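Report on one structure; see the data block that follows.
Here the structure is a predicted model, which means the values were calculated and not measured.
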Amino acid sequence: MSAPPLGKEADPGAAPPSFRDRVTQKRERRRRILMQKWGPGYLLVTPAIVLILVMMVYPVIQTALFSVSRVQLPTFRTTFVALDNFVSVFTDPATGPLVQRTLIWVIATVALRFVLGFLAALVFNAKVKGTVWLRVLVVLPWTIPSVVAANLWRWILQADTGVLNQTLRSWGLPEAAANWLGDPHNALFSVIVAYSWAGFPFVMLLILAGMQGIPDELYEAAKMDGANWWQLFWHITVPSLRPVLIVALVLETVSGINSFDTIMVMTGGGPAGATEIWGIAIYKSGFGDFNFGVASAMSILLFGAAFAFFVVYGIANKGVQKQKGPLR
C-alpha cells in the first residue's frame with residue numbers, strides 16, 4: 001500500500017509505509033527544502049552561468065575542434081585532419097625564433113615591471129611628505145587605456161619627429177638618436193619598455209600594500225639587535241612580501257603571455273617580425289592568412305604551455321613550503 005500524501009494524517013487502520021516509501025518521502029522533503037532555500041539563488045545566477053558558457057566554454061571547445069580540422073570559409077565547414085595543423089606549426093622554420101621572442105618578451109616585461117614596481121614601492125613606503133600626490137602621478141600610466149598608451153609611446157619614439165630623438169638632438173647627442181621602432185635591433189626593446197611603463201604601477205600597488213601590512217615592531221626589534229638596512233630588507237621585508245610577490249608574478253606572467261594590443265598598435269609585429277610574439281602570430285595566421293586551423297592549433301599550444309608552467313610552479317612552490325615546514 002502506498003504512503004499517504006504529505007500533509008495528511010494517515011489512516012489508523014492502514015498498513016505502515018514501507019522502508020522504500022519512507023526513503024522516498026525523505027528525499028522529496030529534502031528536495032523541497034533545498035529548492036526553497038537555494039532555488040531563488042540558482043535562478044538569479046542562471047543568466048551569468050549561461051553567459052560564461054557562451055562567452056568562455058563554447059569558444060574553447062570550438063578552438064579545440066578547429067585545431068584538428070581544416071576550416072573552409074565562409075561557411076566554416078570543417079574537415080578532420082587529425083594533427084596536421086600541429087605538425088605544420090612544429091615544422092615551420094619560423095616557430096623557433098617565434099618561441100624565442102615570446103620567452104624574451106615575457107621574461108623581460110615581468111622582470112622590468114617587478115624592478116620598477118619594487119623600487120617605486122620602497123620609495124613610497126618611506127615616511128616622506130608629498131609622497132601621496134606622487135603616488136597618484138605614478139599610478140596614471142596604469143589607468144591610461146593600453147591603446148592610448150601605445151600610441152603615446154609610438155609618438156615619443158618616432159625616428160624623425162619623436163620627442164625622444166628631438167630631445168637627444170637638442171642636448172647635442174645626435175648620435176644617440178635612433179630608429180627605435182623601425183630598426184629590428186631596437187624595436188623589441190622599445191616595445192618592452194613601453195609595455196612595462198604602462199603596467200608597473202599595478203605591481204607597485206600590490207607590493208606597497210604588502211609593505212604597509214608589515215608590523216613596525218619587527219623592524220624595531222631587528223634594529224635593537226643591530227641589524228642594518230640590508231638585513232632588514234632581506235630578512236624581514238622580502239619574506240613578509242612572499243605571498244604578494246607570488247600573486248604578482250602569476251598575474252604579470254599571464255599578462256605577458258596574453259599581451260597583444262601594445263605590440264599591435266606600436267609595430268604590428270614588425271619590423272621584419274622583430275616584435276612578433278606568439279599572440280601576434282596567432283592573430284596574423286587567423287585573420288591575416290585566414291588559416292583558422294593553424295591559428296587554433298597555436299592557441300591550444302599556448303594554452304598548454306601556460307598551463308604546464310603553472311602546474312610546475314605550483315608543484316615547486318608546494319615543495320618549498322614543505323621544506324620550510326609550518327610557521328610557528
- Under 4.5 Å between side-chain heavy atoms, hopping through other hydrophobics if needed: is there a path connecting I107 to L112? no
- State, yes or no, whether a side-chain contact exists between V294 and F86 at a heavy-atom distance under 4.5 Å. no
- Item | pair R135-L208: side-chain heavy atoms closer than 4.5 Å | yes
- Message: Checking R31 now: which residues fulfil salt bridge (charged side-chain N to carboxylate O under 4.0 Å, His left out) with it, not counting sequence neighbours?
- Response: E28
- Query: Have S296 and T63 got a donor and an acceptor in their side chains that come within less than 3.5 Å?
  - Reply: no
- Using a side-chain heavy atom cutoff under 4.5 Å and only I, L, V, M, F, W and Y, what cluster partners does L44 have? none
- Query: For the side chain of W105 and the backbone of G256, is there at least one donor-acceptor N/O pair under 3.5 Å apart?
  - Reply: yes
- Go through F114 and F200 one step at a time and tell me if the ring-ring contact (aromatic ring centres under 6.0 Å, His included) criterion holds. CA-CA 7 Å; F114 257 79; F200 87 90; over 10 Å; no
- Return the set of residues passing ring pair (Phe, Tyr, Trp, His ring centres under 6.0 Å) with W230 (not counting sequence neighbours), or none when no residue passes. F233, W234
- Message: Which Ile, Leu, Val, Met, Phe, Trp or Tyr residues join L53 in one cluster when any pair of side-chain heavy atoms under 4.5 Å counts as a link?
- Response: V45, I49, V57, I61, L65
- Smallest separation among heavy atoms of D183 and P271, with atom names: C-CG, 3.9 Å
- Message: Under a plain distance cut-off of 3.5 Å, with no hydrogens placed, do T237 and Y219 share a side-chain donor-acceptor pair?
- Response: yes
- Residue pairs passing the side chain to side chain donor-acceptor pair (under 3.5 Å) test with at least one member in residues 81-101, sequence neighbours excluded, are none
- Query: Between S196 (side chain) and V193 (backbone), is there a donor-acceptor pair under 3.5 Å?
  - Reply: no
- Which residue pairs pass the side chain to side chain donor-acceptor pair (under 3.5 Å) test when at least one of the two sits in residues 150-175, sequence neighbours left out? N151-R154, Q158-T161, N165-W180
- By side chain to side chain contact (heavy atoms under 4.5 Å, CB included), V123 pairs with (sequence neighbours left out) none
- What pairs with Y58 under side-chain hydrogen bond (donor to acceptor under 3.5 Å, both in side chains), at least two apart in sequence or on another chain? Q62
- Parallel, tilted or perpendicular: ring planes of F290 versus F292, cut at 30 and 60 degrees: tilted
- Does Q72 reach the side chain of T78, with side-chain heavy atoms less than 4.5 Å apart? no
- Item | Side-chain heavy atoms of L181 within contact of N186, under 4.5 Å | no
- Can you check whether A297's main-chain N or O pairs, donor with acceptor, with S67's side chain at less than 3.5 Å? no
- Query: Any side-chain heavy atom of F118 within less than 4.5 Å of one from M204?
  - Reply: no
- Note on the structure: Y283 meets the ring pair (Phe, Tyr, Trp, His ring centres under 6.0 Å) criterion, sequence neighbours left out, with F260, F287
- Under the ring pair (Phe, Tyr, Trp, His ring centres under 6.0 Å) test, residues paired with W278 that sit two or more places apart: none
- Message: Checking E252 against V203 for the side chain to side chain contact (heavy atoms under 4.5 Å, CB included) test, could you report, in this order, the C-alpha distance in whole Å, the side-chain angles of both residues, the deciding distance, and whether it holds?
- Response: CA-CA 8 Å; E252 289 303 314; V203 180; 3.6 Å; yes
- Item | Hydrophobic cluster of L43, others only, ordered by chain and residue number, side-chain cut-off 4.5 Å | none
- Can you tell me which residue pairs pass the salt bridge (Lys or Arg N to Asp or Glu O under 4.0 Å) test with a partner in residues 259-283, sequence neighbours excluded? E276-K284
